[in-house]
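In what follows, a single structure is set out as structure tokens and then discussed.
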2 protein chains.
Amino acid sequence: MPTTRKPRDVLHLNEQLCFSLYSTMHLLNRTYRPLLEKLGLTYPQYLAMLVLWEEDGVTVKALGERLLLDSGTLTPLLKRLESAGLVRRERDAADERLVRITLTPAGRALRARAECVPPAILAASGCTVEALQDLKEQVLTIRDQLSAHLEHEPSPPPAPKRRKAP
Amino acid sequence: MPTTRKPRDVLHLNEQLCFSLYSTMHLLNRTYRPLLEKLGLTYPQYLAMLVLWEEDGVTVKALGERLLLDSGTLTPLLKRLESAGLVRRERDAADERLVRITLTPAGRALRARAECVPPAILAASGCTVEALQDLKEQVLTIRDQLSAHLEHEPSPPPAPKRRKAP
DNA sequence: CCCAATTCTATTGCGCGCAATGGAATAGGG
DNA sequence: CCCTATTCCATTGCGCGCAATAGAATTGGG
């Protein structure tokens, strides 16, 4: 008797599967909000700052690959960080297509004030670091699987290389 | 020697903790998108339909409690479902404050076409039902913890009951 | 019964997330 | 060296998510 439980309504069970991730993300976001508000950041802006604190001067493209976001999301977000005085956006002199994002002194200084955020989130989660680390591994396994699936599936991947056939 | 690993940069480690949930949610959403597109639904609309397929005639408030969303999100979403011909929005006769959402025949019929979605997502995740079920439990544990934390924390909870002191 | 407090939905404004489009700069085959 | 792909960023439009506000209906203390 392997998987012969009740043939539970698929559309009912499913609500519990992916919806748990969905709703947890929202609650996590609401937990971050009041903390990040003090820094004048939204959660996606905070993520961008994390990358910049690791590696200053990245291009928009590199930032997008790291965060899995495209320019349609990043361009306005970075403009807001710029007008908040945290970063500068400048074209690369060698390759004018690239826009490099560099931290201002205020942007670097914000790092110290951000250090109290992760411990606060950890406390709110009510978990040990080990438990969260373990959960992270499991979630990343699914993430990588979804990522691979998305790469192999897309209906019409432009396919051809160079030269078009007219 | 308990937690005496490298005192890894908190702002680096953290990026991996919550960011894994954040990015997995987005990839999951991108996996759902092409499937739901065939049904003419977005993911949040799909969630709303899941609730309605379970319990027709719910109020906007009940829907919001189930999905953890407020009227600012639900009102326009439900209006779009209505103009797509899937639901009707009507004031409750007994209590005119309430708006009840009921399925149209087209809304009920869509359920059959939605049944192929969960299996497709399961396949894309590359996991067994058991593994996902287990992961769900862990995520929900954190969700409940965050939920409790959010209820007890909010800086100024309006506090007073009835009667104001002028 | 009356009036103030509460409940419930709608509206507005802002910030993502993403698809689609456009345009400037670079790279690479001929 | 051209001329065409390609790369990279910006822009537009739409749909959430959420805070804040407003307004109509209901409730409950006096």
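Every chain is numbered from 1, with letters handed out A, B, ... down the list of sequences. Please read these numbers as outputs of a predicted model, since none were measured by experiment.
- A side-chain donor from one of B/Ser23 and A/Arg143 sits under 3.5 Å from a side-chain acceptor of the other.
- Under 4.0 angstrom from either OP1 or OP2 of C/dT9 there lies no side-chain N or O belonging to B/Thr75.
- Closest to the A/Glu96 side chain, of the nucleotides C/dA25, D/dC16, C/dT9, is C/dA25.
- Close to D/dC16, at under 4.0 Å from its OP1 or OP2, lies a side-chain N or O of B/Arg80.
- Nucleic acid contact class of B/Leu68 (heavy atoms, under 4.0 Å, all strands): sugar-phosphate only.
- Of the candidates D/dC18, C/dC8, C/dG15, the closest approach to any side-chain atom of A/Gln45 belongs to C/dG15.
- As a whole-Å value, the separation of B/Arg91 CZ from C/dT9 P is 7 Å.
- For B/Arg89 and C/dA10, the shortest distance from a side-chain N or O to OP1 or OP2 is below 4.0 Å.
- In this entry the distance linking CG of B/Leu63 with C1' of C/dC8 reads 14 Å, nearest Å.
- As rounded to whole Å, 17 Å separates atom P of C/dC16 from atom CE of B/Met25.
- Contacts of B/Ser71 with the nucleic acid, taken as non-hydrogen atoms under 4.0 Å apart, include base atoms.
- B/Lys61 has its side chain out of reach of B/Leu98: every pair of non-hydrogen atoms, C-beta onward, lies at least 4.5 Å apart.
- Contacts of A/Ala94 with the nucleic acid, taken as non-hydrogen atoms under 4.0 Å apart, involve only primed sugar atoms and P, OP1 or OP2.
- Residue B/Val60 places its side chain closer to C/dT9 than to any other of D/dG17, C/dT9, C/dC18.
- In this structure, B/Asp95 and A/Lys61 both approach DNA chain D, and ranking their closest nucleotides by distance from the 5' end singles out A/Lys61.
- Residues B/Val117 and B/Leu39 have side chains in contact (heavy-atom distance under 4.5 Å, counting atoms from C-beta outward).
- At whole-Å resolution of the value, CG in A/Leu36 and C1' in D/dA19 are 16 Å apart.
- The interatomic distance linking B/Leu67 (CG) with D/dC16 (C1') rounds to 13 Å, in whole Å.
- Residue A/Lys79 has no polar side-chain atom (N or O) positioned under 4.0 Å from OP1 or OP2 of C/dC16.
- Checked by distance alone, B/Arg97 brings no side-chain donor or acceptor within 3.5 Å of a matching partner on the base of C/dT9.
- Straight-line distance from the CG atom of B/Leu98 to the P atom of C/dT7: 13 Å, rounded to whole Å.
- Nearest-nucleotide mapping onto DNA chain C: of A/Pro44 and A/Asp70, the residue sitting toward the 5' end is A/Pro44.
- Within the 4.5 Å cutoff, the side chain of B/Leu122 has heavy atoms near those of the B/Ser125 side chain.
- The side chain of A/Tyr43 contributes no N or O atom lying less than 4.0 Å from OP1 or OP2 of C/dG15.
- Among the protein residues, B/Leu74 comes within range of no part of the nucleic acid, since none of its heavy atoms lies under 4.0 Å from any strand.
- As a whole-Å value, the separation of A/Arg33 CZ from C/dG15 P is 12 Å.
- Residue B/His26 holds its NE2 atom at 9.5 Å from CG of A/Leu67, rounded to the nearest 0.5 Å.
- The side chain of B/Thr42 approaches D/dG15 more closely than any other nucleotide in the set D/dC18, C/dC16, D/dG15.
- Between A/Ala93 and A/Asn29, it is A/Asn29 whose nearest contact on DNA chain C lies nearer the 5' terminus.
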* Test side chain to side chain contact (heavy atoms under 4.5 Å, CB included) on A/Leu132 and B/Ile142 and set out the steps. => CA-CA 9 Å; A/Leu132 286 183; B/Ile142 295 189; 3.4 Å; yes
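- One atom, CG of B/Leu77, and another, P of D/dC18, lie 13 Å apart when rounded to the nearest Å.
- Within the 4.0 angstrom heavy-atom criterion, no nucleotide atom of any strand lies near A/Ala62.
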